[in-house]
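Some notes on the structure that comes next.
Just so you know, these numbers use all the heavy atoms, side chains as well, and skip hydrogens, waters and symmetry mates. Each chain gets a letter, A, B and so on, in the order the sequences are listed, and its residues count up from 1. The structure presented is a predicted model; accordingly, all values stated were derived computationally and were not measured.
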Amino acid sequence: MMLPQVAKVIVDVPVKDTDRPFDYLIPESMRAWLEVGSRVGVPFGHRTVQGFVVGLQDHPSPGGMRLKSIQEVLDVVPPLSPELVELAQWMSQRYACRFITALQVMVPTALKGKAERYISLGDPADRTEEEDDYSLVRVVAEPTKEAKTIMAYVAQKGEVPAQQLSRLFPDSAETIKTLLRKGILQENQSIKDKLQKKTLKAVDLAVEAHEAEAALPDFPAKAQRQREVLQFILEMKELLPLPLKEVLTTLQVSAATVKGLADKGFIAIEDVEVFRDPYRGRRFKPSEPLRLNDEQQHAYDSIRDTLDASRHGVFLLHGVTGSGKTEIYLQTIQHCIGQGRQAIVLVPEISLTPQMVERFKGRFGDQVAVMHSRLSGGERYDEWRKIREGKVKVAIGARSAVFAPFDRIGLIIMDEEHETSYKQEESPKYHARDVAVRRARQHGAAVVLGSATPSLESYHAARSRANDEFAPLLLEMKRRALGNELPTVQIVDMREELKEGNRSMFSRSLHQALGIRLERGEQTVLLLNRRGYSTFVMCRSCGYVAGCPECDISLTYHQKSNNLRCHYCGYAEPAPSVCPECGSEHIRYFGTGTQRVEEELAKLFPGIRVIRMDVDTTTEKGSHEKLLKQFRDKKADVLLGTQMVAKGLDFPDVTLVGVITADSALNLPDFRAGEKTFQLLTQVAGRAGRHQLKGEVLIQSYTPDHYSIIHASGHDYLAFVRDELKHRRNLHYPPYCRLILITLSHEQLPLLVRMAENMVSVLQGKARQRGWFGSLDRLTADAFDVLGPVASPIPRIKNRYRFQCMVKWRGNIDAVGLVRESAEQLEETAHNQKLQISIDVDPQMLM
DNA sequence: AGCACGCCGACT
DNA sequence: GTCGGCGTGCTC
């Protein structure tokens, strides 16, 4: 077989000019090791950089320039497979990011190596005779004392990191430079990983077992302890290598004894790599598959049929809170690994709680690897290697676990499919759902998207089944698995409260309900629905909220200029002092902190025990779990917090859930505000009465007539979808079109504004050339429209001004390609490197 | 991104 | 006259 001579390498230099493969010769000795997906160190310009092999060629291209050689192969097992390399290539197109950025997001950060410089003695063969002669006479024959010391040090160490040498001899920079110039010392670069593999001292036989056995009787009397050790090692020979520590403690011998045995040559003491296991020592209660009800059984059967056919298929598992989705995940995974294939489970970062891990570890034991943001770099690397090396069959983790390096994926599960945390906000700005579907297609695998409140994109795709990229099959589960009822939900009109003279943030109903729970010793969850920092203006008398007449999103209040602005289109109006609807003076910008709620609770119910959960109280590692455990142990009457109290928590004694202000997310300047509100209210309502005790939910609102709030209170997802889709269709928002957010930044504002305007006209010009351009109102299949430019919601970051524009498009056109092309053209014609352009395809956060 | 090459001010 | 400022150009 012909081994390839040339490798195509993507180097770790994330800029436009180097965002393409570079060709390198493969030295003979590396040919058998290199694969597509190998990580290598290559000379690049005047330094050594890390790169990934993305292609192999038998011969150098004819007429090509002369090639440099690959310097080193950095891993025995390539960190990526050809499939993942291909996926990264696809991502770079789909999300307009650099190839290297997509490759890098797939491997643990521990493998992001940087070049280290080492100094060693020069190889005499590298020196010309003349130089050699010169150096002998001038430096070696009569070296300064200083040079002698340095050379002796380097000679003794063999190889010294350059940094260390200059630290040790801070005043000898000149001498060292001279020695390097003369070739007496030389500098090498090598890629060094951020992380050491964790090793353990272990003992192993150094001779054949029968040889050792034969030697046993000949041990001198004074070496009986050594004989015992050897005997023990022979007894345990199936388990070798054996941790040294274990031998020492079991036999109660000293390290010197074992060392003596090693000196005799019978055994070897070596460093053995160990896997750090963050869950080591924890017992997981084994769990058995539960009996499925007929809704569950139907969903399970559909997925199983697809697994059995080894066919690609996407399922949208829409099940009310408590309908038993997790059990379906567990049983389909069981079936999948029974087929000899592997499964990936994606969960939102926030719900990767110990309980969640326990459910999977309890069912699948050590066949599970958990990828977790709280793991240290080393722990994460170890979990990743268990997957890469086939030691586990199931990977569970947040967004980036979608890249788990399995080679035979049968099933990818995405729990809480609607969660926005599946979209990465930094480059590569990928959506794990898209990546999951794409990967599954390559593997002939099934995808299960589970949610009680599916995203409008997924639900619409499932219902219309018109989208050829992504058309999930809908599986519905309308009943709770335990057969208990959904809690009753009551909406409290806060405008009425104000009218009746109650200026408190607690309505009379909520106050009363809380009092009852305290008497009965039951628990309450209070949700303060406050997202983001944008402020909107609302009238406390009538609930009026200032919105943009063009975009139908809330206007943002800008204190500096005292006006209201739309950050989609740039519309602005002066901030009102009285409500334009009802003339009331109770109009102001809105927002309440958890701390204020806590204070008020203490005033209303002296002695009440409150656990407050928000960014202030949960930054510390493990504090999240600690607070929840305290609440579970009934150390508090009330759990008060922001969104994080809404997700997946399950407390048997919670019978009341109160939402302080349902409106605050509703009025964020985001077209998904209604969807987010509905999802949050549905989630939090699902927290109450999960077990024997009946639950009650109170939602306080200034806009109680809003369809998001009404339908959430009626547990009516379908009605919500109907209203929301109508709304989206009229205003041309996803899922009826797709968005691309383009953000430009520059130090100088006037220049930036000009370039942003330029960007818009370049986009429009190119779209017009292709016959795409025009308003989405027109009934053409293909459409491409550009809004803006406007100042970004955060108009200045790190001394750079930011402007953005938004592309709305639909149809079978390469809109991302056009945007990318325009951005590159602009960067070139402006020949101003200081301009930065960021492209966000299918953005989730528009603020 | 780095790193080197290259062409103009303040120093022995 | 040299050390070094950071502009600009390239990296198989």
Can you tell me how far C1' of C:dT11 sits from CG of A:D23, to the nearest Å? 13 Å
A:V15 side chain, from C-beta outward: closest of B:dA1, C:dC12, B:dA4: B:dA1
Mind calculating the distance between CD (A:E187) and C1' (B:dC3) to the nearest angstrom? 12 Å
A:K8 NZ - C:dT11 C1' separation (whole Å): 16 Å
Over all atoms of both residues, closest heavy-atom pair of A:Q189 and A:E187: NE2-OE1, 4.0 Å
Once you round it to whole Å, what is the distance between P of C:dT11 and CZ of A:F44? 8 Å
I need the CD1-P distance between A:I10 and C:dT11, as an integer number of Å. 16 Å
No-hydrogen, no-angle side-chain donor-acceptor test under 3.5 Å, A:S838 and A:K429: yes
Name the closest nucleotide to the A:K68 side chain, picking from C:dT11, B:dA4, C:dC12. C:dC12
If you count heavy atoms of other groups shown closer than 6.0 angstrom to NZ of A:K114, is the number above 12? no
Starting at CG of A:D12 and ending at C1' of C:dC12, how long is that distance when rounded to a whole Å? 16 Å
Classify A:P43 by what it touches in the nucleic acid, base, sugar-phosphate, or nothing, heavy-atom distance under 4.0 Å. sugar-phosphate
Using the ring of each side chain (for Trp, its six-membered ring), is A:Y422 parallel, tilted or perpendicular to A:H431, with breaks at 30° and 60°? tilted
Quickly work out the A:Q189 CD to C:dT11 P distance and round it to whole Å. 17 Å
Check whether the side chain of A:R47 and the base of B:dA4 form a donor-acceptor pair under 3.5 Å. no
Sugar-phosphate only, base, or nothing, as touched by A:R98 at under 4.0 Å among non-hydrogen atoms: nothing
Side chains of A:E383 and A:H372 only: does a donor on one sit below 3.5 Å from an acceptor on the other? no
Minimum-distance nucleotide (side-chain atoms of A:Y24 versus B:dC3, C:dC12, C:dT11): C:dC12
Gap between atoms NZ and P, on A:K114 and B:dC3 respectively (whole Å): 8 Å
